[in-house]
Number of protein chains: 2
Amino acid sequence: MEKIDRRIKRTQRLLQEALVALTLEKGFDEVTIREITERADVGYTTFFRHYPDKEALLVDVLDTMRQDFHNLLMPHSIITEPETMGELLFEYVEQNLDLCRVLLDSTDTITLLRPVQEIGQQEIGMMFSAAQEREIPLEVAASHLMTSLVMLIRWWLENDMPYSPRKMGEIAAKMIIRPVIESFHA
Amino acid sequence: MEKIDRRIKRTQRLLQEALVALTLEKGFDEVTIREITERADVGYTTFFRHYPDKEALLVDVLDTMRQDFHNLLMPHSIITEPETMGELLFEYVEQNLDLCRVLLDSTDTITLLRPVQEIGQQEIGMMFSAAQEREIPLEVAASHLMTSLVMLIRWWLENDMPYSPRKMGEIAAKMIIRPVIESFHA
DNA sequence: GTGTTATGATATACGATATATCATAACACA
DNA sequence: TGTGTTATGATATATCGTATATCATAACAC
C-alpha cells in the first residue's frame, strides 16, 4: 500500500468527476480533453501527466464500477439463484444511474468494457468449472453471458427503463442466465 | 429508378473499396479520410462531396451486407429451424470474411449496426407477432436476439474462428434463439 | 524548515477535418 | 457529333483537438 501524493489524488478525482458530468450533458464522444480540464479547473497539460487519452480516464472511472459489482455479486451464486442475481444487477444500475449511463454511453462500449468483461468471465469460468458435461465451450458461454447482460442493461437505459429491476432481473434470468446454466448439464 | 452519373458511382465504389482494404490492414479507427482518398486515387475534397464523414461511408458499405442477410434468411423460418438459421449465418460470415471483419471491427459496432438491427428487429417482431402469451416483451426479446447474435459473431472472428459454422450455429440456437422462442409460449 | 514533486501558464508543433474557389474533363442527351 | 451540365482535381486556407517542452511557483512529505 503505497502512499500517494494528495495533489495527485485530488487532480484525478476532479478529472473523473468532470468527465462524468460532461458525458451526461453531451455524450462521451463530444467531450474534449480541453473541456474536461476546464470543468475540473486544472491545467490542460496536467491531463497528460495522468492519462494518455480520454479513454484511459474513462477506464479509471470504470474500475470503480467493476469493484462495486464484484462486492455486490460475490455473496450470491449465479447458479442457484439467477433471478436474484439479475435483480441485484438492475437495482445497482438504478441506484447508480449517472455512473452507468456514462459507462454505457460511449460508443465503443465493447472495447472499453473488455477489461471488466475479462475479469467477469474468469469468475464465471470458476463458477462453472465444476460442470463436467458441456454442450457449449466454457469460453463461449462466459463471453456470451457477460456481453448479453451488458447489452440488456444498455437497452434498458436507452429506452428509459420501462420495466422494474425485478422484471428485468427475471428477463435476464430466463433469456440469458438459465440457458447458459442448462447448457452445462444437459 | 433514377439514372446516376457514372462518375458518381465510380467514385463511391473506389472509396468503399479503399475503406475496406485499409480497415483490414490497420483497423477502422486508424484510417484517415486522406488515406482513403489516396488509396482510391480521388481528390481529397471529393470525399466530402459524397459523405459527411468516415462513418457515413461505412454505413454505405454496411448496407450491402444487410441486403445479403435479408436474402439469405428470407426463405427460412427462425422458429421452426433455429439451428439451420444459425448455421447459415456463420456460413455467410465465413464466406464473406473480409467484409464482415471490417463491419465488426470498428469499435462502435453497436452504433453502426443500429440501422441494420432496427430492420432486423422489425422482421423478428413480425415473425413472433402470432405468439399470444409472452413472458418477455417482444421488443426486449427482438433486441436481445439481434444483439447477441452479432456479438457472438464478433467473438468468433476475434478468436480466429475456433469452431465450425455448424457448431457455432448450434451454439447460437441453444444459447440464444431457442430461449427466445420458448419465452413466447411458456 | 528543506528537499522533492505536482501544478499552472505559455508557447509551439502537428495532424486531421472541413470549406471555398476555379479551371478542366467527363458526362447525358439531343 | 455538338452542347450545356456536372463531377472532379488542385490549391489555398481556416479551424480544431491533440500532444510536448519549458520554467517559475506552490503544495507536498518527512
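Chain naming here is simple, since letters A, B, ... match the order of the sequence lines and numbering starts at 1 in each. It should be emphasised that the depicted structure is a prediction, and the values quoted were computed from it without experimental measurement.
As rounded to whole Å, 16 Å separates atom P of C:dA6 from atom CG of A:Leu14. With rounding to whole Å, B:Arg10 atom CZ is found 10 Å from C:dA26 atom P. Between the CD1 atom of A:Ile8 and the C1' atom of C:dT5 there is a distance of 8 Å, given to the nearest Å. Rounded to whole Å, the distance from NZ on A:Lys9 to C1' on D:dA27 is 15 Å. For the pair A:Ile4 CD1 and C:dT4 C1', the computed distance is 17 Å after rounding to whole Å. One interatomic measurement links the two molecules: CD of B:Glu55 to C1' of C:dA18, which rounds to 15 Å at whole-angstrom precision. The NZ-C1' distance, from B:Lys54 to C:dG15, rounds to 13 Å in whole Å. Rounded to whole angstrom, the span from the CG atom of A:Leu15 across to the C1' atom of C:dA6 amounts to 13 Å.
Using a cutoff of 4.0 Å between basic side-chain nitrogens and carboxylate oxygens, A:Arg178 and A:Glu170 are not scored as salt-bridged. Remark: A:Glu83 does not engage A:Arg166 in a salt bridge, criterion side-chain N to carboxylate O under 4.0 Å.
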Under the 3.5 Å Watson-Crick or G-U criterion, the dot-bracket string of DNA chain D, with | for inter-strand pairs: ||||||||||||||||||||||||||||||
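Taking side-chain N and O atoms only, A:Thr46 has no distance below 4.0 Å to OP1 or OP2 of C:dT7. Proximity of A:His50 to the phosphate of C:dA6: no side-chain N or O atom is located under 4.0 Å from OP1 or OP2.
Candidate nucleotides C:dT21, D:dA7, D:dT22 were compared by shortest atom distance to the side chain of A:Arg49, and D:dT22 ranks first. Listed nucleotides: C:dC27, C:dT7, D:dA7. Nearest to the side chain of A:Arg7: C:dT7. In the set D:dT18, C:dA18, C:dA9, D:dT18 carries the atom at the smallest distance from any side-chain atom of A:Phe48.
To the nearest 0.5 Å, the span separating CZ on B:Arg13 from CG on B:Asp60 amounts to 13.5 Å. Here the CG atom belonging to B:Leu89 is positioned 11.5 Å from the NE2 atom belonging to B:His76, to the nearest 0.5 angstrom. Rounding to the nearest 0.5 angstrom, the gap separating the CG atom in B:Leu14 from the NZ atom in B:Lys9 is 13.5 Å. With values rounded to the nearest 0.5 angstrom, A:Trp155 atom CH2 is found 7.0 Å from A:Ile171 atom CD1.
Judged by distance alone, with hydrogens and angles left aside, the side-chain atoms of A:Arg101 form no donor-acceptor pair with the main-chain N or O of A:Leu24 at under 3.5 Å.
Partner A:Val102 forms a side-chain contact (heavy atoms from CB on, under 4.5 Å) with one of A:Leu22, A:Leu62, A:Val20, A:Asn96 and no other, that one being A:Val20.
Looking at which nucleotide of DNA chain C each of B:Thr45 and B:Arg6 is closest to, the 5′-most match is held by B:Thr45.
Using modelled atom types and a 3.5 Å distance limit, the side chains of B:Asp63 and B:Gln67 yield a donor-acceptor pair.
Within residues 32-42 of chain B, the residues approaching DNA chain C are B:Thr32, B:Ile33, B:Arg34, by heavy-atom distance under 4.0 Å.
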